[in-house]
Asker: 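Next up is a structure, given as structure tokens.
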2 protein chains.
Amino acid sequence: MPRRTPAEPEPAPDAEPDAAARIREAALELFATRGFHGTGIRQLAERAGLSSATLYHYMGTKEDLLVALMTGGLDRLIALAEAVEAEEPDPLRRLAALVRLHVREHAERPRETRVVDDQIGVLDGAARDAVVALRDRYEDVWRRALDPLVGDPRVALADAAAAALARRALLEMCTGVAHWYRADGALRLEALGEAHAAMALRLVGATSPR
Amino acid sequence: MPRRTPAEPEPAPDAEPDAAARIREAALELFATRGFHGTGIRQLAERAGLSSATLYHYMGTKEDLLVALMTGGLDRLIALAEAVEAEEPDPLRRLAALVRLHVREHAERPRETRVVDDQIGVLDGAARDAVVALRDRYEDVWRRALDPLVGDPRVALADAAAAALARRALLEMCTGVAHWYRADGALRLEALGEAHAAMALRLVGATSPR
DNA sequence: TCTAGGCTGTCGATCGATCGATCGACCACG
DNA sequence: CGTGGTCGATCGATCGATCGACAGCCTAGA
């Protein structure tokens, strides 16, 4: 039986997760695979081990639950990206670090990222605006890495349009990792990130490997 | 007023499209924006200018309609890709041509490609198998362009794993065009394809522009 | 220490709305 | 007078969401 420090406020790592966490887990799994509209309240409840009525003790509407998952995922991504930005002043090296980060997150947490990337269309009004604003804030970090590279002799980005094109291409290419990467495959996670960083640098025309 | 050749069998370009075409158009628009489960039969009927009952005179089930859209889109893509393959023997030039083709199709027909790319998850059983088989057949064309490039001194693809990684990266990057490209933007379609071909060649490490 | 009262969490039952799909009737046209 | 196309009405099922009931537990006051 596991010993627990009396002063330990966090739950034991092997403890049964509480209802809120189970709901989150179920929604992540089902929204990512079946989609928001393809997932029913009762299906969600069964997966979480609760009745559909109990679900509503923890969440607002089904849409509120989706928005919470999306904002949570994007908040995490933004925090990580802004941390990279803060500690890597050189735009080219920062770009490579952002690629590694984006690839790692999409490979390790495909459900979170797929919900964010694929289910924005089901939102509208203020909820959609809020999520889109977060996504824009994340992409702004990429902009602040790519835009200063325009005219940099180390790369081949002729103008702002080329930088915008490269930004979209890189984001889509790295986001796509969530569509096909399987953790049980032969490719290790770190190698995946390095390979994508190398492809990204070549894509923007970087000559030296460094 | 446009003159029409009397022997012309195709419908006049400005004629009212028939019901089947209107259904197809409505389904394309709604499935691409709202998703399959987010689109109701009545919504579909209203968009097509019909009653929901009349819909069933033309289609089988709602799922049959989706499968028809998907197979139609994939058949077109496969035919175009195999035509490129037939007339371009050099793998590197063929890869560039495939990139141009994929980008053009995703920019010009974002609804078709988005339905194919995003809605596979709602299918299961035989229908899913059939669509996945078509998608695999399309990607096989890409495999047959990239795999022979392994070890080719013109590019930097060390082994089969690198080729597979590049294939996925390129497909995702070019597919993503359907997510953001707008025909009314400043970027012309041909320039878009050329830019992506250039990025693709750099991504695989091609040195010469030719 | 005992107990009354109020939270917290859970559920079965059920609400009105909408879902995908079907039916028989009707209409225009050949 | 049959056939292809269209529709209103309606089917049973399922949808998202709500309700009242109640069990367990914590705490305050006797």
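Fair warning: this is a prediction, and the values are worked out from it, not measured in the lab. Residue numbers begin at 1 in each chain, while the letters A, B, ... track the order of the sequences.
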Asker: Gln43(B): what forms a side-chain hydrogen bond (donor to acceptor under 3.5 Å, both in side chains) with it, not counting sequence neighbours?
Answerer: none
Asker: With side-chain hydrogen bond (donor to acceptor under 3.5 Å, both in side chains) as the rule and sequence neighbours excluded, what pairs involving residues 26-37 of chain A come up?
Answerer: Glu29(A)-Arg111(A)
Asker: Please give me every residue in residues 35-51 of chain B whose heavy atoms get under 4.0 Å of an atom in DNA chain D, ordered by residue number.
Answerer: Arg42(B), Leu50(B), Ser51(B)
Asker: Residues of residues 57-67 of chain B with any non-hydrogen atom less than 4.0 angstrom from an atom of DNA chain D: list those, numerically ordered, please.
Answerer: His57(B), Tyr58(B)
Asker: Going by the rule side chain to side chain contact (heavy atoms under 4.5 Å, CB included), which residues pair with Ala191(B) if we only count those two or more places apart in sequence or in a different chain?
Answerer: Leu187(B)
Asker: Hey, could you give me each pair passing side-chain hydrogen bond (donor to acceptor under 3.5 Å, both in side chains) that has a residue in residues 59-81 of chain B? Not counting sequence neighbours.
Answerer: Thr61(B)-Asp64(B), Arg76(B)-Glu105(B)
Asker: What I want to find out is whether Asp140(B) reaches Arg137(B) closely enough, with some N-O distance under 4.0 Å, to be called a salt bridge.
Answerer: no
Asker: Looking at residues at least two apart in the chain, or sitting in another chain, which of them share a side chain to side chain contact (heavy atoms under 4.5 Å, CB included) with Ala26(A)?
Answerer: Leu44(A), Arg47(A), Ala48(A)
Asker: For the helix from dT1(C)-dA30(D) to dG30(C)-dC1(D), measure the angle between the helix axis at one end and the axis at the other, each built from five pairs, rounding to 10°.
Answerer: 10°
Asker: I'd like to check the side chain to side chain contact (heavy atoms under 4.5 Å, CB included) partners of Ala198(A); sequence neighbours left out, ordered by chain and number.
Answerer: none
Asker: Is it the case that atom CD in Glu108(B) sees more than 12 heavy atoms from other parts of the structure closer than 6.0 Å?
Answerer: yes
Asker: Holding to side chain to side chain contact (heavy atoms under 4.5 Å, CB included), I want the full list of residues that pass it with Arg24(A), two or more places apart in sequence or in another chain.
Answerer: Leu28(A), Leu69(A), Glu112(A)
Asker: If you walk 5' to 3' along DNA chain C, what is the first nucleotide with an atom under 4.0 Å of a heavy atom in chain A, and what is the last?
Answerer: dG9(C) to dT14(C)
Asker: Which one of Glu88(A), Glu194(A), Glu190(A) satisfies the salt bridge (Lys or Arg N to Asp or Glu O under 4.0 Å) criterion with Arg100(A)?
Answerer: Glu194(A)
Asker: What's the OH-P distance between Tyr56(A) and dG20(D), to the nearest Å?
Answerer: 17 Å
Asker: With sequence neighbours left out, what residues match His102(A) under ring pair (Phe, Tyr, Trp, His ring centres under 6.0 Å)?
Answerer: His106(A), Tyr138(A), Trp142(A)
Asker: With a 4.0 Å cut-off, would you call Arg114(A) and Asp118(A) a salt bridge?
Answerer: yes
